[in-house]
Amino acid sequence: MTATDSLRLLTAQSEVWAAHEVDPENPQFNCAGYLELSGPLQRDLLDRAVEQVDSECEALRVRPDLARTDVSGAPAADVAEAGGFGVEFLDLTGAASVADGKDAARAAMAEDLDRPLRLGSDSLVRMTLFRLAPEHHLFYLRFHHVLLDGYGQALYWRRLARVYSALVTGNEPPPGSFGRLRDLSGEERGYVASADFARDRGYWLDRMADPPARMNLGGTPEPRRRVLRTAGDVAIAMRELHLAAAVLDVHWSVLGIAALATYLHRLTGQEDMVLGFPVRARTTRLALTTPAMLANELPLRLSVSAAVTTAELVVQANESIVQALRHQRYRAEEVHRALRARHGHVEYPAVVANLVSFDSALTFGACAASVCQLSTGPVRDLSMDFYGGTQDGPLRLGVSSSGAVTGRSDLDAHRARFGEFLAVFLAAPGNSRLRSLELPVGNERAGTGLRSPVPSATTTSPAQ
């Protein structure tokens, strides 16, 4: 690719770059997902659709230039010419079954995700089409987090589906509406100079003035594995979550946060806790229509005690989320730096709760298409990704961690136990004290290093 335009990295991109360079051999900033396509797929039209969306989406063509830096010390960047992406093709129809082919494809994706990328030299985007059967394909997209966040990826998937669908019918695709990165950079500079920036800064420094101790989950490390991931559906339908949320007049994601906070409290006994809470950090039309890396991981602080009721915790979680979203553009890295200046060694939250409200089904020409997310970016001691949407269907839970802290058996245990506990939380009456909600304990804990649940007091009614 030939570079045709230069620009300054957005602040979120600079923060990713700085974190990547601390441990450049760690693949934690690799993000990926795939489209599962069932139906007749025309590869030539898919290539044309990719080429067109490539020309519209500057984010995937950004190339950090480590030889040049801006005034902050972060690398400058170039936007390469369009047309440089090629979709790799791998035919797996020779596998014993479609299921075996899919397993082979997912294994190849996992291997690719575990490969560290060098900023400034490696290709930061990869697209591969896996053919499992004549009318069954997986379209894989991997990118470095310095280019794009999860919301930007969703914008990309939707536009690609729309362009391909138009080409299949012989029509010209509708005009694209993606914004320019240079305009986003200008908008960001305007925010930093605004009264909103000062208000947001004041809110977060006050909210985190006396940070609590970092949560300790226990676990058995697997230091040879830099990043560990597992995912699967839980026995909760989105319909159940939506109905429960409607009764309490909150979004379903609030219930996910409240249930996770209760789970962690019952596991560790910690009452004053901070969860990492990724948000899209987009409040303007330009930001909402431009694929880019803007995401921000806010410190969501909750007070969780055994005497609190589930309804009270849901109200508190909802208010905390509302306030966080009102101040979502102020970078969490700046909050962390301010805390370290005040208190010395302060670490980022041990647990991250990522709520992804995105309907995975897309119209992709004559194909039925669904999105499966594999990785959303950096991990901590424990990262919980909740994948849900407005449509009915199961809630998908992705769990990841750093192998230096938590092992595979620990991850599997967390996913199984929290999936069960979520059902317990949703079924509990609103006046149930958190002390009355027992964590499931099963054979999946055998051989793990997870902490045992904090014993609960004997209860005679849900309100005790």
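Note that the structure is predicted; figures quoted are calculated from it, not measured. The basis for the numbers below is simple: all heavy atoms, side chains too, and nothing from hydrogens, waters or symmetry mates.
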Quick one: does [X]'s side chain get under 4.5 Å of [Y]'s, heavy atoms only?
X: Leu362; Y: Val371; answer: yes
X: Leu141; Y: Trp157; answer: yes
X: Phe139; Y: Val87; answer: yes
X: Glu56; Y: Pro173; answer: no
X: Arg43; Y: Arg131; answer: no
X: Phe89; Y: Asp91; answer: yes
X: Asp112; Y: Tyr140; answer: yes
X: Asp410; Y: Thr220; answer: yes

Minimal non-hydrogen separation, [X] against [Y], with atom names:
X: Val356; Y: Trp252; answer: O-CZ2, 4.0 Å
X: Asn296; Y: Ala281; answer: CB-CB, 3.9 Å
X: Pro349; Y: Val274; answer: CB-O, 3.5 Å
X: Leu117; Y: Ser123; answer: CD2-O, 4.0 Å
X: His343; Y: Pro211; answer: NE2-CD, 3.6 Å
X: Ala292; Y: Leu184; answer: CB-CD1, 3.7 Å

Short question: side chain of [X], backbone of [Y] - any donor-acceptor pair under 3.5 Å?
X: Gln270; Y: Ala213; value: yes
X: Ser165; Y: Arg162; value: no
X: Asp149; Y: Ala295; value: yes
X: His145; Y: Cys31; value: no

Quiz item: Taking the inter-plane angle between the rings of Phe421 and Tyr263 on a 0 to 90° scale, is it parallel (under 30°), tilted (30 to 60°) or perpendicular (over 60°)?
Solution: tilted
Quiz item: Parallel, tilted or perpendicular for Tyr164 and Phe364, by the 30°/60° rule?
Solution: parallel
Exercise. Give the intermediate values and the outcome of side-chain contact (heavy atoms from CB on, under 4.5 Å) for residues Asn354 and Gln373.
Key: CA-CA 12 Å; Asn354 186 22; Gln373 195 67 31; over 6 Å; no
Quiz prompt | Exceeds 12 heavy-atom contacts within 6.0 angstrom, atom CZ of Arg301 | solution = yes
Quiz item: Considering residues, nucleotides and ligands other than Arg408, do more than 12 of their heavy atoms fall under 6.0 Å from its CZ?
Solution: yes
Is [Y] paired with [X] through a side-chain N to carboxylate O contact shorter than 4.0 Å?
X: Arg61; Y: Asp54; result: yes
X: Asp78; Y: Arg63; result: no
X: Glu111; Y: Arg126; result: no
X: Glu15; Y: Arg331; result: no
X: Asp114; Y: Arg229; result: yes
X: Asp122; Y: Arg115; result: no
X: Arg201; Y: Glu334; result: no

Self-check item: Step-by-step side-chain contact (heavy atoms from CB on, under 4.5 Å) determination, Val125 to Leu147
Solution: CA-CA 9 Å; Val125 178; Leu147 305 182; 3.6 Å; yes
Nearest 0.5 angstrom please: [X] [atom1] to [Y] [atom2], how far?
X: Arg180; Y: Thr290; atom1: CZ; atom2: OG1; answer: 10.5 Å
X: Arg396; Y: Phe386; atom1: CZ; atom2: CZ; answer: 14.0 Å
X: Ser185; Y: Gln13; atom1: OG; atom2: CD; answer: 9.0 Å
X: Arg226; Y: Asn26; atom1: CZ; atom2: CG; answer: 4.5 Å

Quiz prompt | Stepwise salt bridge (charged side-chain N to carboxylate O under 4.0 Å, His left out) check, Arg8 with Glu188 | solution = CA-CA 11 Å; Arg8 177 181 179 179; Glu188 181 178 77; over 6 Å; no
Exercise. Could you give me the CA-CA distance, side-chain angles and deciding distance for Asp196 and Arg199, then say whether salt bridge (charged side-chain N to carboxylate O under 4.0 Å, His left out) is met?
Key: CA-CA 5 Å; Asp196 287 343; Arg199 280 194 294 268; 2.3 Å; yes
Practice problem: Using the ring of Tyr203 (Phe, Tyr or Trp, six-membered ring only), decide whether Arg326 places NZ or CZ under 6.0 Å from its centre and within 45 degrees of its axis. | Solution: no
Quiz item: Between Asp381 and Arg214, does a side-chain contact (heavy atoms from CB on, under 4.5 Å) hold up when you go through it step by step?
Solution: CA-CA 11 Å; Asp381 294 13; Arg214 193 172 191 266; 3.0 Å; yes
Exercise. Please report the C-alpha distance between His414 and Ser401 in whole Å, then the side-chain angles of each, then the deciding distance to 0.1 Å, and finally whether the side-chain contact (heavy atoms from CB on, under 4.5 Å) criterion is met.
Key: CA-CA 11 Å; His414 276 305; Ser401 74; over 6 Å; no
Self-check item: Pair Glu36-His136, side-chain donor/acceptor within less than 3.5 Å
Solution: yes
